[in-house]
*Asks:* 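Mind looking over this structure? Questions follow.
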Amino acid sequence: ALVSHLISLAVLFMLLRAQFVAAAQVVVYAGAVMVLYTFVVSYVGGADAGPRNGDPLGRPPGAAMTLAAWGCGGALVVELLIAVLGSGLKGISGHGAPFSPTFGSPASIGDLLLTRFLAPFEIASYLLLVAAVGAVVLARRRGGVDDGTGVPVITAMDIFRPRPPGTGTMAEGVGGRVHPIVGETDA
Amino acid sequence: MSIAWYLAVSAVIFAIGAGGVLIRRNPLVILLCLELMLNAANLALIGFSRMWGNGDGQVFALIVMVVAACEVTVGLGLIVAMHRLKLPMNVDEIRDLRG
Amino acid sequence: MLSVLIWLPLATALAGALAGSLTGARGRTGLAVLVGALGSLGLAVALIVGYDGHTGQLQHVTDIVWIASLGIHYKLGVDGLNLFLVGLATLLFAVALVAANLREWEKPHLFYFHLGLAESAVLGALLAQDLALFVAFFDLMLIPFYFLTGIWGGEDRVRATTKLVIYTLVGSLLMLAAAIATAVLTAHDSGNALSFVFSDLRAAPLPVGSQDWIFLCFAAAFLVKMPAFPLHGWMPDGYRAMPIEVLMVFSGVLSKVGAYGFLRIVLPLFPGASAHFQTVMLVFGLASILYGSAMAFTQTNVRLIAGYSSVAQLGFITMGIFSLTPQGAQGALLQMINHGLVVAPLFFIILLLSARAGGSEDIREMGGIAMRAPILATLFLVVALATLAIPGSGNFAGEFLILLGVFSTKLVFAVVAFAGVVMAAVYSLRMYIRSMHNRTGPDVESRELRLIDGLVLAPFIAVILLFALYPQLELHRAEKSVTATVAGARAIAEPGTPQVAGGPLTALAAFQRSGVSIRRSNGGWTVSAPAAAGGVAPGGLATTANEVTVTVK
Amino acid sequence: MPLAGSLVIGVLFRRLPDRSAGYLATGAVGLSFVFAVITLVSLQGHGVGDRELPSTLWNYAVTSGVDARLTVLVDPLSVLMICVVAGVSTLIHLYSIAYMWSDRGYVRFFAYLNFFVFSMLLLVLAGNFVLLIVGWAFVGAASYFLISFWYRRTTATRAGLKAFVINVLGDVGLVLGTYFIFKHTHTLDFLSSFRDVHTAFGGHSGDLTAGCILLLVGAFAKSAQLPLHTWLPDAMEGPTPVSALIHAATMVTAGVYLIARMHPLFEAAPAAADVGEVVGAATLLVAGTIGLVQTDLKRVIAYSTMSQIGYMIMGVSAGAYAAGLFHLMTHAFFKALLFMAAGSVIGAMAGNQSLDRMSGFRKAMPFTFGCFVIGGLALSGIPPFSGFFSKDDILLQVGTAGGWHWALYVAGYVGAFLTAIYTFRMIFRAFLGEPCPEALELEQGHLHHADVHTNPATGEIEDTDIGFPGPEHHIAEQRPLMRVAMGTLAVLSVIGGIVEIPKTTNWLDNFLAPTFADSTIVRNPSNGLLAFGLVLGAAVGLLGIGIAYYVWVLKPGTAARLQARLRPIHTLFLNKWYFDELIDFAVVRPAAWFGRFGQQTFERLVVNGTLVGGTTGLVKAGSAAVRGAQTGFLRYYAGLLIAGLTALGLYFLLQST
Amino acid sequence: MNYAAAVRQAAANGPPLKGPHVDFAALGPIEALLAGSLIVLMLGLLSSRKIRHQAVPAVTLLTLTVTIGLTIWQWHDDKSVVAGAMTIDGLSLVLTLVIAVAGVAATLLSWRALAPREAAHGEYYALLLGSMAGMLVLICSSNLVTLFVGLELLSIPLYVLCATELHRASSLEAGLKYLIVGSVGSATLLYGLALIYGATGATSFSGIAASLARGGASDPLLLTGIALGVTGLCFKASVAPFHQWTPDVYEGAPTPITAFMAVATKAAAFGVLLRLFDVGLIGDHANWGPALATLAAVTIVVGNVGALGQSSLKRMLAYSSVAQAGYIMAGVVVATQLGVRATVLYLVTYLMMNLAAFAVIVARERETSLGDDIDSLAGLGADRPVLAWSMTIAMLSLAGIPATAGFIGKVYLIQAAVDGGYAWLAVVIVLGSAVSLGYYLRVLAAIWMRSAPAVGTLGRPAIAGASPEAPVVPAPARGRHPEVALVAVLCAAGSLFFGIIPQPLFDLVHGAGSALTGLL
């Protein structure tokens, strides 16, 4: 369902003359992110919520919470719609401003990315690196705390080492997968 | 089809995402709902970009995608770590910290 | 000189405590601080002796910019308002330190450090001539008492000290906001650069609307500190828990700083609001008197008797200040000093009593202590009589002036307040009789006070007697400053009434100094004052001024 | 006026070792007396119009329009007072040396006594209101010290407290009265304010009347007039010399002095003067009736004191200044004498004061008996004793005033009648009849000693250490010093009237004339009234004595029959008209209730409950709410975030037009 | 692929792409951090334990020192760099200092901590530096995109760092909560930014301001965008009612990270709040001013009230930081240069006092087995006077007692509030401070007025049954962690020093106010 949602969203993007973004949407989301999800779901065991243990200290949010959530969500929709529809901006009810033929093309986007949005772009690339490192830190299987006894622990470097059979887990997958993206955006 | 329709769709998606975060208990699903919210924002950005006729929104949307990917990565990493500690996959049962 | 006066105790305390903890001779800290306190006392006495009472101006002014960006100055100075309060504070601290040195304390270096810090902060608050500086010292002085009570206090000390600090700091913090508002709004209105210095703030009074809420904030701070009914909730617990030596200075000095704040800050800076809230404040004062007195004569804990009597006494002081007359304010100032002089030895005597009554502080378990301790009894008697303001004591002079001031503005209040005078006689003597007289209590062991105890009490008795014989010592030096302080508020409270009792020349001088006469639009005030001055021969009766004014109007 | 200062200071030395203190103190007071006499003489040296001499020692509190200086005013009035005070004091000091000889608090006693004399002199010499109030309060304090002299006696301390508090009430009246006067005259100085009294109070005579009535409150409290008299009988807890000095001769008459001193004010406020007269008359009647039935020797004398002061107050309020002061002086003599004699009797009874226990001391103590009789006759106004002239002088003046004052005139004679009865009831019961065991013992030459010392009022057992009466306290007329003092006073009581015999000597009148020169009250009593008064006075006095003799000597059972027949009245008198109970009910209990209410209820509920507790409760409730909201449920957090967002969005949407 | 390289590449490619001028000098601090994080990451891969345990933090410190040096080097700079995406000015420089100092402190506190050992040193410190880089980007940002990226760069490493004590469930819980609620916040912010963009057509702050100046300041689209933006940023600044993550995350996260978050995140969040609202949205001040003031008041109440009765020190400080956020908000609300200065000054003082407090907590966590419970401080005054005094000063300063920096900061904030016409907010601030005494004094009472568990050090017999289950306290390991004590002492001394001689602080923040020229 999510994949179809993402793809239809991409179609909307196309309609809005954002070809590159639409493509990226399909590749990144429908491709990479969903694959990642699938892996993790299969690793963790699906949407199984696990057994509930009776917590004496407080009841988990139940129907009231659901109701409140719908209430809030509904109110939010209404507010946003009022904002959108009540806006005095002319452009909003039109079909958009006139645009150059290259609007939304990869070239124009790339141009923007390397000129006006150079800084966010570069920082985003660094962000990916950091996220990768973070994911590795979190998901890595470790031998234990590095307690100073000299017992070797597994570090991020292990990814690049020949690993013993049977240790291939999602952790490496998570860490390893990101690098191609960095390369991709860099190229 | 006027821009307003796109924005309306975006608003609905955003609200669905927000509601989903509130209602679902599985962190994985919550992460997906978060993606939904970001996507809604993306749609709005693209829409506005189209409206104003400048590419700022599109670039913004691209970068949001990166960010979304990063969040998902870290989120999934965290879920894996939780799984390792045999923590329940239910946010309602993770409440040692309170008060 | 004033800086030395302020910081000497803290410096010696710091040095003593550091040296003490480094060398292990922590017990010596007390002596070091005592030396510092005595030094300050000496300086204060020098100040009093050297003070020129013929001008109401600040003397020995130190003025350094402290925080330029905020217009906060490190400005100190003495005038008639704080001169004797400084003397009182230094005396009380010095004596309290002597008293404290008679005992062994846990962690003495810390104890004396806090006492030294307390003295410095109190003196700073008294000498500050900058609103922000005052507020800073005012808040700061509470902190050492938090520790002094919390660490070395009696039963239930932590709860009591927490209550005390929070209760009093609520007011103080409100005052902080109000103080800043005062300076900021004044700067806004006058277009001058931001300044917290009193003289700058006085030069441009605020509009009445802002004065009112600012006044209330200040009043909250000071009334809590005094404490006034019904804001005295912290007092019983705090007094019960505090070590007596600390309580001596706390009750003797800190409560006075609150009353002093009214005189120093509230009346001159917010004359309109002071006049506006005059009745309210008088009601506070009156309620304090009646309630404090009534409580004092039903309590059985000697500390609380003294505590509630302080509530009543400070009620008198409040009333004196808010009579908005020079007499009332003079009396209030004198009474602050007297009350400090009385309540501190009273607490020390309580210490001695409790030592003789098997550690109990309940008058029901005392009795007959005078039997083998005639000197103690005599000293206690002097203190008790001074407490009830027997005519002839300095306290009486204060009360007389206070009530005279109140009488001349709000007659009914004065009449009712006299009930407090009668009740004071009841509770003071009740405490004296139940402890010293009557049949000997079961655990009472009557013995005379030691020489060293006598040394603690002697300075107080000496000064009490001095003020009993010659209150003019204080009144003369304070007159000019006090008159100037109340002039503004008085002119607003009773437009058209000249300073009857002050005599035309005093009144005129005060008005000219405060610049109020120009602002009063009450039909020819500015005309009337010079007329009065011109029309009356030197030493002429004030009635003449009255007539002159009336005719001009 | 160099002497005035030394007078005040001269009596200040205190605290001397051993028994020498008594002599020293007496010497000091004696010296004061000498100075007083010298002052008197030197005053005579001044011209008649020049006999008001203020002198200022130093500025006490001169500030902001208040001009309180330490000013001493020497004029005939004050000189008369210092002579009386210092003179009587000297004698009583002498008496005390003997009386207090064995008491453990001997030195303290004389210190207090000296302090009292100092205060009294300060009071009468004061040249302005402040100093007057100071002296006023000091004598009150000294009185308290001395009443509570045996401080381990709970009854004594209670009586002392009562006396002091009522005195403070008087002080308050005095201060308030001063305020009223100061409000218009703007001076605290006597002479200046008297000078201005007519001009300053232009349209505010109400203030003047209020001020004077408040001054009267002060006078009533000090002089034990209704309704502030209840302390005086209780004050008899003090040693007998104290009763003689303070509660008979000097301090209690300060009210009379005050009114005389303030006469320009009272004359300007006739309503206040009327109040004084009426209260004086009421007091003399009420006190007389109470005195009839009391059984405590000293209390009977105390009520008689009240009654006599009632005369004086009535007199001076009516403008009979010289007469009032004359009575003041003679009263000082004979009442001090009576107290000393009573002390002597009580000594013989080893501290017991009950008339029921005494009888037949005539033989055992003839000297005392003689003194007592002289005093009694003077008190009853029997010619030619001093009391006769002074009392009649007052009544004559009152009678001359005419109008409703006639009622007071009659009351005065009724009072005189009562006086004679209760005085001689006392004498007859104590001295005549069968000698009681103590009297018999004394006749055999040795003094009765109590085996176990008790508090005569409550019967509590006491030791003889400090704070209780000494072991062999009372030396019944055996010491020469006592006899000297009593003898001198007896002589004075007899001949005291000489200074002012109608139509013969007007020494006192003339002497005081400069002080009262500004008085507007001029009365020329008719000779007829004078003669009538003298005769009537003597007659009622003798009649009273006769009745007393009949009731208590001739037909000893009569008293009991009368008691039975007039039960309600007797009960009323015995319970002192229920004044104590009234005050207790109207003042003490409400105050105590208020205090208890404050302590037990208000403090807990409002101060701690509502103010502190309410605030902390609110904060704590808030804390609980905040922490309760912190459920730990992640979805709540997100939910609140979204909810907050929604609310914020709503706010901003409302902001938009 | 590191940032610098990319930049250089972009610069080299110059003409055909018409790349913008990049002022590398001005970006020095950020570059230093990025480079440092890479070096640290690489160093961490080495197998030598010594290098990993000692060199990595050392290099981190070196990096931070360089950052601070570069910051100071550029002092008084005021320029817009990288095509207007970032602004280097007085505000950003001061906050850079704050963040860098917080980083130094966090590094020192982490030196021997458990978290970096679990997470591997290289990664841990790299993430720390990365997060700081994000903060720097955030406070320098001058367009919406940079803002968002900076925010994410700040957040994502922190999500991870919170969870670095991987064997402790509460650490993971903290991470998860922070991640999810934070992502909701980010998404909200993003949507808000999208709406703002939509309403104004510009992503740069100056463009937005210009658009507002042309009109449309009360367009619902814009206002809704602002509402969403406020929500997102207030979430980061832990302003109520968006504060709820704060106590849980602070408590669950490793203490050094908590310290870092408390100080640095707050600085960054307020930096960007100042930028966005006082620069970009200044034209709409009339609309958002009262709203933010209300939020500030609510925050003060909620924070102070919530902190009462907490037994976990970290949790207490978390609530306290919520309350402090409310105070600081007053400086943003008034939208004056004075307000900016007051905000920044308070952040500086907040840095000192909070770090001192957290340093003491770290020390006690290692010395006792009581963790961050308030009992761990009992008897500290007798056992460890240095730590005790540091904590005392920190608490007094947080409470705003005179002679401490906190007092000065509060005075300045109140002044700004009154000056800006928000006198009532000033009153709320002081009332909040009064309530705050309730919990700060409790700490002081524990330090000075209670005896250490099982050891009667006050001379009074320990009350029997006071702490029945008090564990045996390990012998105080004095000198085992001098760096922690150093942080505590330095920060406390700073609090005291600047409380008495505050003028240097005012000079420091002067430029921050002047930088925002659009304000009064």
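Reminder, nothing fancy here: chain letters follow the sequence lines and each chain counts from 1. Quick caveat: nothing in here was measured; it's all calculated off a predicted structure.
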*Asks:* Is chain A contacted by the side chain of E:Leu153, its backbone, both, or neither, given a heavy-atom distance below 4.5 Å?
*Replies:* both
*Asks:* So what's closer than 4.5 Å to chain A heavy atoms on E:Leu228: side chain, backbone, both or neither?
*Replies:* side chain
*Asks:* Give a yes or no on whether the backbone of E:Asn287 and the side-chain of E:Asp284 come within a donor-acceptor separation of less than 3.5 Å.
*Replies:* no
*Asks:* How far does CD of E:Glu152 sit from CG of A:Leu128, to the nearest 0.5 angstrom?
*Replies:* 11.5 Å
*Asks:* What part of E:Leu222 lies closer than 4.5 angstrom to a heavy atom of chain A: side chain, backbone, both or neither?
*Replies:* neither
*Asks:* Measuring heavy-atom distances to chain A, does E:Thr164 have an atom under 4.5 Å in its side chain, in its backbone, in both, or in neither?
*Replies:* side chain
*Asks:* Less than 4.5 Å to any heavy atom of chain A: does that hold for the side chain of E:Tyr159, its backbone, both, or neither?
*Replies:* neither
*Asks:* At a 4.5 Å cut-off on heavy atoms, which part of E:Thr203 comes close to chain A: side chain, backbone, both, or neither?
*Replies:* side chain
*Asks:* Taking E:Ala253's backbone N and O only, do any of them form a donor-acceptor pair with E:Ser171's side chain (distance below 3.5 Å, no angle check)?
*Replies:* no
*Asks:* Let's go through E:Val272 and E:Ser141 carefully: what are the C-alpha distance in whole Å and the side-chain angles of both, what is the deciding distance for side-chain contact (heavy atoms from CB on, under 4.5 Å) to 0.1 Å, and is it a yes or a no?
*Replies:* CA-CA 8 Å; E:Val272 73; E:Ser141 64; 4.1 Å; yes
*Asks:* Which atoms of E:Leu147 come close to chain A, meaning under 4.5 Å heavy atom to heavy atom: side chain ones, backbone ones, both, or neither?
*Replies:* neither
*Asks:* Between A:Leu80 and E:Leu195, is a side-chain contact (heavy atoms from CB on, under 4.5 Å) present by the stated rule, with each step listed?
*Replies:* CA-CA 10 Å; A:Leu80 290 174; E:Leu195 291 184; 4.0 Å; yes
*Asks:* Does E:Ser204 use its side chain to pair, donor to acceptor, with the backbone of E:Gly207 at less than 3.5 Å?
*Replies:* yes
